[in-house]
S.K.: 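Input: one structure, supplied below.
Just so we're clear, the structure is a prediction, and the values are computed from it rather than from any experiment.
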Amino acid sequence: MARAHSRVMLTNGTLPSTQLNQFSAVHPFTQQLDIVFPASDELEKALTSLKPTYYKKRCTLSDFFEFASNSPGRNLTALPSTSECADTWCIDPRGVLTLCISKSLYEQLGLIGKKLPFKGCPEQYVIRIPVRQETESVAVRAKQKAALKLWDELREDGLGKWNVLYCQSDVQLGTSDSHEVVIVQPQICPSADILIPFPALAPIPEESTEDWDERIGDLFEWVGMACIGAQRLKANDRVNPYVAVYEVPTPSYIGDVTRITWAAFLHQSFVKDALDTVTSYLASTTDNHAFVAITRQDCCTSPVGAIPDASFNTARDPPLRVPEINAEDTGCLILGPGQNGNF
């Protein structure tokens, strides 16, 4: 059963849960994952054994489009490592190349797209091109390739080739002259003598939700502070109340907390593996006070953000958004015991 209120959704059920698979599938362009939990050697060892990889390649968009079209693995995601945001692109797991470009470039390329409807931002257009060759006619594919080649030619005297980051879940490539393999190492940050709340995640009451809002909001605030290693969580913290006032959610206890961070281009399969590791641990633990918080940060320079479950069919486009370097797209998932102490 799921209940939603404001910007928080609370779901109760048993672990493992197929509903949690959407946490990784809906957000294909994750650039950081933080996992916070009361210290557990078992969970820390299991999570740090996960070694996500991605690939780096410097090439033209035409060449990468050809590479993606002929790639043996169909679950490929890609985006530039740096972006001017006015003119950028990505390839999502559905096998769709999405261009987000300025009005002037849009007029030069000559492909049909859709104008972004948002006010207060430069005029930009989105063009979607299926990566798989068999989905387009020969004439249409030739026009698309010609447009991508023209864009490459326009960049020759300035920005030049693209530095591309990409992931493939079902293909393992070694480093070669054409690409570089990057193995992402986790950063482990232990914190001792921390005030840790007891996260009893009860359903939203039918009436008087104000207390529930405050309690759940306090729990998410604690997770956010744990992610940045805030001193306010220390049991011996004695900050001047005129400088800062913070109270840990009650009831709480003093213990150790571990935060593990992966900061890189992370494939959906790794995020799912991390989530499966967490749920497996929680489903087997005998500690009724155990909980795990998972926070993901998406790459906001990608023209595709979330892909709702229903739109994994390429016939339905994902929501539009404006790529922005200084934007933030963050989500937090807390897994813990319910009122009866079960997960």
Side-chain angles (χ1 to χ4, degrees), residues 1-2 8-28 30 32-54 75 77 93 167-170 172 183-191 194 196-203 216 219-220 222-223 226-227 253 255-264 266-298 309 312 330-343:
M1 179 181 69
V8 177
M9 172 174 285
L10 183 68
T11 300
N12 29 328
T14 57
L15 294 178
S17 169
T18 56
Q19 293 176 317
L20 296 180
N21 292 338
Q22 294 186 20
F23 183 79
S24 59
V26 170
H27 299 277
T30 301
Q32 182 168 319
L33 193 72
D34 295 276
I35 301 183
V36 174
F37 52 93
S40 163
D41 292 340
E42 176 189 351
L43 182 56
E44 179 180 330
K45 182 179 179 180
L47 287 172
T48 54
S49 69
L50 302 176
K51 294 293 190 291
T53 60
Y54 68 94
N75 193 2
T77 55
C167 295
Q168 289 179 281
S169 63
D170 46 3
Q172 295 297 323
I183 301 175
V184 184
Q185 299 296 334
Q187 180 183 4
I188 306 170
C189 299
S191 298
I194 299 296
I196 305 173
F198 293 102
L201 301 176
I216 296 299
L219 182 57
F220 276 99
W222 183 92
V223 170
C227 282
Y253 66 98
D256 298 340
V257 169
T258 301
R259 182 180 87 251
I260 303 178
T261 299
W262 295 265
L266 303 173
H267 194 269
Q268 294 168 288
S269 61
F270 163 71
V271 179
K272 185 179 185 303
D273 287 344
L275 183 57
D276 288 345
T277 300
V278 167
T279 55
S280 176
Y281 163 75
L282 289 175
S284 61
T285 186
T286 57
D287 182 2
N288 290 338
H289 299 146
F291 71 97
V292 179
I294 304 176
T295 303
R296 55 143 191 88
Q297 297 182 31
D298 285 358
D309 187 56
F312 268 92
T330 302
C332 182
L333 172 69
I334 300 176
L335 299 173
Q339 285 179 311
N340 60 359
N342 297 324
F343 290 94

S.K.: Check each of T330, T261, T295 against D34 using the side chain to side chain donor-acceptor pair (under 3.5 Å) test, and report the only one that passes.
M.R.: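 Of T330, T261, T295, side chain to side chain donor-acceptor pair (under 3.5 Å) with D34 is met by T261 alone.
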
S.K.: Assess whether side-chain contact (heavy atoms from CB on, under 4.5 Å) is satisfied between F270 and T53, documenting all intermediate values.
M.R.: CA-CA 9 Å; F270 163 71; T53 60; over 6 Å; no

S.K.: According to side-chain hydrogen bond (donor to acceptor under 3.5 Å, both in side chains), who are the partners of T277, at least two apart in sequence or on a separate chain?
M.R.: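 In terms of side-chain hydrogen bond (donor to acceptor under 3.5 Å, both in side chains), with neighbours along the sequence ignored, T277 is linked to no residue.
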
S.K.: Going from SG on C227 to CD1 on I35, what distance comes out if it is rounded to the nearest 0.5 angstrom?
M.R.: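 Interatomic distance, C227 SG to I35 CD1, rounded to 0.5 Å: 10.0 Å.
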
S.K.: Tell me, please, which residues at least two apart from Y281 pass ring pair (Phe, Tyr, Trp, His ring centres under 6.0 Å).
M.R.: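 Counting only residues at least two positions away or on another chain, Y281 forms no ring pair (Phe, Tyr, Trp, His ring centres under 6.0 Å).
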
S.K.: Going by the salt bridge (Lys or Arg N to Asp or Glu O under 4.0 Å) test, which pairs reach into residues 271-286, not counting sequence neighbours?
M.R.: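 Pairs touching residues 271-286 that pass the test: K272-D276.
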
S.K.: As an exercise, state the distance from CG of L47 to CD1 of I294, rounded to the nearest 0.5 Å.
M.R.: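 Going from the CG atom of L47 to the CD1 atom of I294 covers 8.0 Å.
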
S.K.: Considering residues at least two apart in sequence or located in another chain, which fulfil the side-chain hydrogen bond (donor to acceptor under 3.5 Å, both in side chains) criterion with D256?
M.R.: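 Listed in chain order: nothing, the list is empty.
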
S.K.: Once you round to the nearest 0.5 Å, how far does CD of Q168 lie from NE2 of H267?
M.R.: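 If I round to the nearest 0.5 Å, the distance is 8.0 Å.
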
S.K.: So which heavy atom on P197 is nearest to which on P199, and how close?
M.R.: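 Closest approach of P197 to P199: O-CD, 3.3 Å.
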
S.K.: Determine whether I194 and W222 make a side-chain contact, defined as any pair of heavy atoms from C-beta on separated by less than 4.5 Å.
M.R.: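 Yes, at least one pair of side-chain atoms sits under 4.5 Å.
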
S.K.: Just to verify, what does Q297 make a side-chain hydrogen bond (donor to acceptor under 3.5 Å, both in side chains) with, not counting sequence neighbours?
M.R.: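 In terms of side-chain hydrogen bond (donor to acceptor under 3.5 Å, both in side chains), with neighbours along the sequence ignored, Q297 is linked to no residue.
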
S.K.: Given F291, which partner from the list V36, L282, L335, I196 fulfils the side chain to side chain contact (heavy atoms under 4.5 Å, CB included) test?
M.R.: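 Output: one option passes, namely I196.
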
S.K.: In residues 183-191, what donor-acceptor pairs under 3.5 Å come from side-chain atoms, sequence neighbours left out?
M.R.:
none

S.K.: Minimum heavy-atom separation for R259 to A226, with atom names?
M.R.: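 Here R259 and A226 meet closest at NH1-O, 3.5 Å.
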
S.K.: Search all heavy atoms of A290 against all heavy atoms of T285 and return the closest pair with its distance.
M.R.: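 Residues A290 and T285, closest heavy atoms: CB-CG2, 4.2 Å.
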
S.K.: Applying ring pair (Phe, Tyr, Trp, His ring centres under 6.0 Å), can you list everything that pairs with F198, at least two apart in sequence or on another chain?
M.R.: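 Residues passing ring pair (Phe, Tyr, Trp, His ring centres under 6.0 Å) with F198: Y253, H289.
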
S.K.: State the CG-OG1 distance between L43 and T258, to the nearest 0.5 angstrom.
M.R.: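 Separation between the atoms: 8.5 Å.
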
